[in-house]
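Every chain is numbered from 1, with letters handed out A, B, ... down the list of sequences.
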Amino acid sequence: MEQSFTLTSDLKNNCLVIATSGYVNNVGGEAIAIEFAHHFEKGTKHIVINLAKSKVVNSIGMSFLIEIVEQLEEVGGKLVFTDLDPAVEKMLAIMGLFKFAGKEPTVGDALKSFAAGK
Amino acid sequence: MEQSFTLTSDLKNNCLVIATSGYVNNVGGEAIAIEFAHHFEKGTKHIVINLAKSKVVNSIGMSFLIEIVEQLEEVGGKLVFTDLDPAVEKMLAIMGLFKFAGKEPTVGDALKSFAAGK
Amino acid sequence: MKEPMKLKIALPKIPDIELVALEGLDRLARYMGIGEEKIGEARILVTEAIINALEHSGEKNPVVRVEFSMTKKELVVLVRDYGKGFEPGSIEEPDIKKKVGSKNKRGWGLKVMKSMSDDFQIESGKRGTKITIKKLLS
Amino acid sequence: MKEPMKLKIALPKIPDIELVALEGLDRLARYMGIGEEKIGEARILVTEAIINALEHSGEKNPVVRVEFSMTKKELVVLVRDYGKGFEPGSIEEPDIKKKVGSKNKRGWGLKVMKSMSDDFQIESGKRGTKITIKKLLS
Ligand SMILES: Nc1ncnc2c1ncn2[C@@H]1O[C@H](COP(=O)(O)OP(=O)(O)O)[C@@H](O)[C@H]1O
Ligand SMILES: Nc1ncnc2c1ncn2[C@@H]1O[C@H](COP(=O)(O)OP(=O)(O)O)[C@@H](O)[C@H]1O
């Protein structure tokens with residue numbers, strides 16, 4: 001069986017790094033949004049979402065990420081996706097998410113881009 | 001996707017320990033028999049098959065294990081299964097394999113039973 | 001190998017049941033030697049069609065029928081529900097700029113299916129909805 | 001929850017395609033809260049019925065239909081092929097003592113299905129074979 005959704009979250013240089021595993025459905029998307037909100041309240045403005053271990057996502061799950069960019073817009077924060085499966089990347093592009101969020105090959109690259117103030 | 005069949009094999013105190021992962025179908029069963037034959041030719045008489053990571057098996061795959069007990073019978077060797085999923089254990093019992101092969105909870109237990117000359 | 005390989009499934013509404021269809025899709029695609037990226041896009045198309053059918057059919061115990069027909073060149077996916085149907089022309093195109101700041105963030109499935117497929121047809125009426133998706137694989 | 005949950009699949013003959021049915025079985029069973037050991041036995045029953053149908057139907061491009069019908073108490077599995085059929089009474093019971101030392105080590109599927117299920121029926125004829133397996137789940 002495709003494993004169920006799980007996530008791990010880490011704070012690195014004031015940046016929240018969420019790594020998912022398994023199917024990002026509505027439940028998974030909401031779990032990401034809740035984890036984000038928790039840190040956002042405490043002032044975190046930079047977030048990386050590593051989707052390396054999520055080869056399957058759906059548009060309901062992804063729509064929860066719009067909540068995140070919306071909140072970040074208000075405070076001048078930023079979301080960066082990393083380790084995107086090409087098909088998932090295409091889906092996010094179709095949704096227009098890259099108008100509000102960045103993408104980088106790896107978490108390391110994303111952290112560097114934040115450090116460089118990009 | 002259920003992962004495809006793989007196996008690892010180790011020699012511990014003259015005992016061949018094969019650990020499988022994934023579906024033991026005809027291809028998997030044959031792979032076990034070939035790995036066994038390879039060591040049997042060189043004189044190995046004790047073998048442990050650890051099925052911890054194989055929750056799905058079929059009767060064609062299992063029938064290859066009869067070849068192994070047959071060869072071991074001729075030289076007074078022994079096969080011991082470990083880490084059996086209860087349903088797989090029931091299947092082996094239905095086939096009567098435990099008339100020719102042993103079972104132990106873990107590889108450690110199996111190695112101990114060989115050391116004790118059981 | 002000219003004859004398409006077929007696989008059909010009728011799914012009940014339980015969480016993540018669409019993954020059963022994806023398992024079938026993956027096995028067909030690997031057998032046919034389809035590249036990972038095309039499989040990935042096909043997975044998304046199939047997922048979106050099935051979750052729509054299960055969610056929007058309006059039935060208490062919906063059944064969704066999925067048919068895959070695959071050659072090395074092309075995948076055709078049919079997804080049918082027996083629900084209340086809808087008027088595709090009346091559905092507004094989602095726009096991320098409007099979604100940011102508005103309450104309903106959803107509404108991406110049809111757009112994703114249209115954009116990612118090579119052909120996308122909806123037949124919908126009082127007796128349900130049939131989605132036909134074509135995806136070139138080579 | 002009294003109505004059984006149903007899932008149907010029509011499978012082509014490609015390696016390990018039975019795992020698609022097992023994915024469906026697993027999702028149904030987890031949703032219904034069935035215990036791991038019962039799921040494990042059901043998995044074996046379903047696997048054996050499907051591989052027989054795909055292998056022995058004698059057709060070039062066989063299609064095997066699988067239907068699950070599950071309540072918390074019971075699973076009923078139907079597996080149908082449209083092949084040449086067989087005479088169950090003419091199949092000899094396998095015996096491990098005879099298998100050791102003889103060339104053909106196979107022939108365990110029917111015995112396993114009979115022993116592990118709570119009811120096992122074969123209807124077979126010129127137009128194919130239908131296997132009905134019942135398995136109590138609680
Ligand atoms: N199979 C269907 N049956 C009935 N209505 C549907 C179906 N598929 C889509 N719709 C309608 O089209 C709308 C847009 O669908 P979609 O773009 O997938 O986004 P979402 O499902 O997130 O609303 C749905 O909200 C629903 O009203
Ligand atoms: N669906 C089927 N169609 C035709 N023949 C079958 C079918 N299922 C079983 N048989 C016959 O019964 C025999 C025994 O089957 P089984 O006990 O599953 O062992 P095996 O498949 O290893 O031979 C098969 O060899 C085949 O001749």
Side-chain angles (χ1 to χ4, degrees), chain B residues 1-6 21-33 36-37 51-79 81 83-101, chain D residues 13-27 29-30 34-56 75 93-118 120 135 137:
Chain B
M1 279 215 307
E2 174 79 22
Q3 87 257 62
S4 342
F5 181 83
T6 54
S21 177
Y23 183 25
V24 189
N25 57 7
N26 54 331
V27 177
E30 189 168 15
I32 298 171
F36 166 75
L51 292 174
K53 291 185 186 158
S54 290
K55 299 280 174 234
V56 187
V57 305
N58 73 30
S59 68
I60 309 177
M62 294 300 104
S63 70
F64 280 93
L65 307 180
I66 304 175
E67 279 182 19
I68 296 180
V69 300
E70 180 175 300
Q71 289 167 277
L72 289 171
E73 280 291 294
E74 285 170 19
V75 300
K78 192 166 182 195
L79 164 64
F81 291 99
D83 300 88
L84 290 169
D85 175 87
V88 174
E89 179 171 341
K90 197 160 178 176
M91 176 162 180
L92 297 180
I94 290 167
M95 292 174 67
L97 260 165
F98 298 125
K99 288 176 188 147
F100 294 89
Chain D
K13 182 169 178 170
I14 68 174
D16 295 350
I17 197 72
E18 57 275 17
L19 297 182
V20 178
L22 294 194
E23 176 82 19
L25 171 67
D26 276 358
R27 299 227 166 246
R30 254 152 247 235
I34 310 303
E36 270 305 317
E37 187 158 347
K38 292 291 185 183
I39 302 180
E41 294 181 20
R43 254 186 227 133
I44 288 175
L45 292 166
V46 169
T47 303
E48 294 300 323
I50 296 175
I51 59 179
N52 269 359
L54 287 170
E55 181 178 4
H56 299 305
L75 168 68
E93 270 257 321
D95 177 346
I96 188 89
K97 293 195 178 127
K98 287 188 199 149
K99 291 284 181 192
V100 171
S102 76
K103 196 151 178 302
N104 176 18
K105 306 273 189 273
R106 290 186 41 182
W108 297 99
L110 295 173
K111 183 181 173 112
V112 166
M113 286 186 270
K114 239 177 275 170
S115 310
M116 217 179 251
S117 63
D118 293 294
F120 177 66
K135 177 78 188 163
L137 299 176

Atom pair [atom1]/[atom2] of [X] and [Y] - distance to nearest 0.5 Å:
{"X": "T47(D)", "Y": "Y23(B)", "atom1": "OG1", "atom2": "OH", "answer": "5.0 Å"}
{"X": "D26(D)", "Y": "K55(B)", "atom1": "CG", "atom2": "NZ", "answer": "12.0 Å"}
{"X": "I60(B)", "Y": "E55(D)", "atom1": "CD1", "atom2": "CD", "answer": "5.0 Å"}
{"X": "E37(D)", "Y": "E89(B)", "atom1": "CD", "atom2": "CD", "answer": "8.5 Å"}
{"X": "S59(B)", "Y": "N52(D)", "atom1": "OG", "atom2": "CG", "answer": "7.0 Å"}
{"X": "N25(B)", "Y": "I51(D)", "atom1": "CG", "atom2": "CD1", "answer": "8.5 Å"}

I66(B) and W108(D): side-chain contact (heavy atoms from CB on, under 4.5 Å), yes or no, with the steps? CA-CA 12 Å; I66(B) 304 175; W108(D) 297 99; 3.5 Å; yes
Quick one: list whatever passes ring pair (Phe, Tyr, Trp, His ring centres under 6.0 Å) with F5(B), sequence neighbours left out. none
For the residue pair E70(B) and G101(D), what are the closest heavy atoms and their distance?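 Nearest pair, atom of E70(B) first, then G101(D): OE1-N, 2.7 Å.
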Side chain, backbone, both or neither of [X] within contact of chain B (heavy atoms, under 4.5 Å):
{"X": "E48(D)", "answer": "side chain"}
{"X": "R106(D)", "answer": "both"}
{"X": "S115(D)", "answer": "both"}
{"X": "E36(D)", "answer": "neither"}

Counting heavy-atom pairs under 4.5 Å with chain B, the top scorer among K99(D), R43(D), K97(D), E18(D) is E18(D)
Side chain, backbone, both or neither: which part of [X] has a non-hydrogen atom closer than 4.5 Å to chain D?
{"X": "K90(B)", "value": "both"}
{"X": "Q71(B)", "value": "neither"}
{"X": "F100(B)", "value": "side chain"}

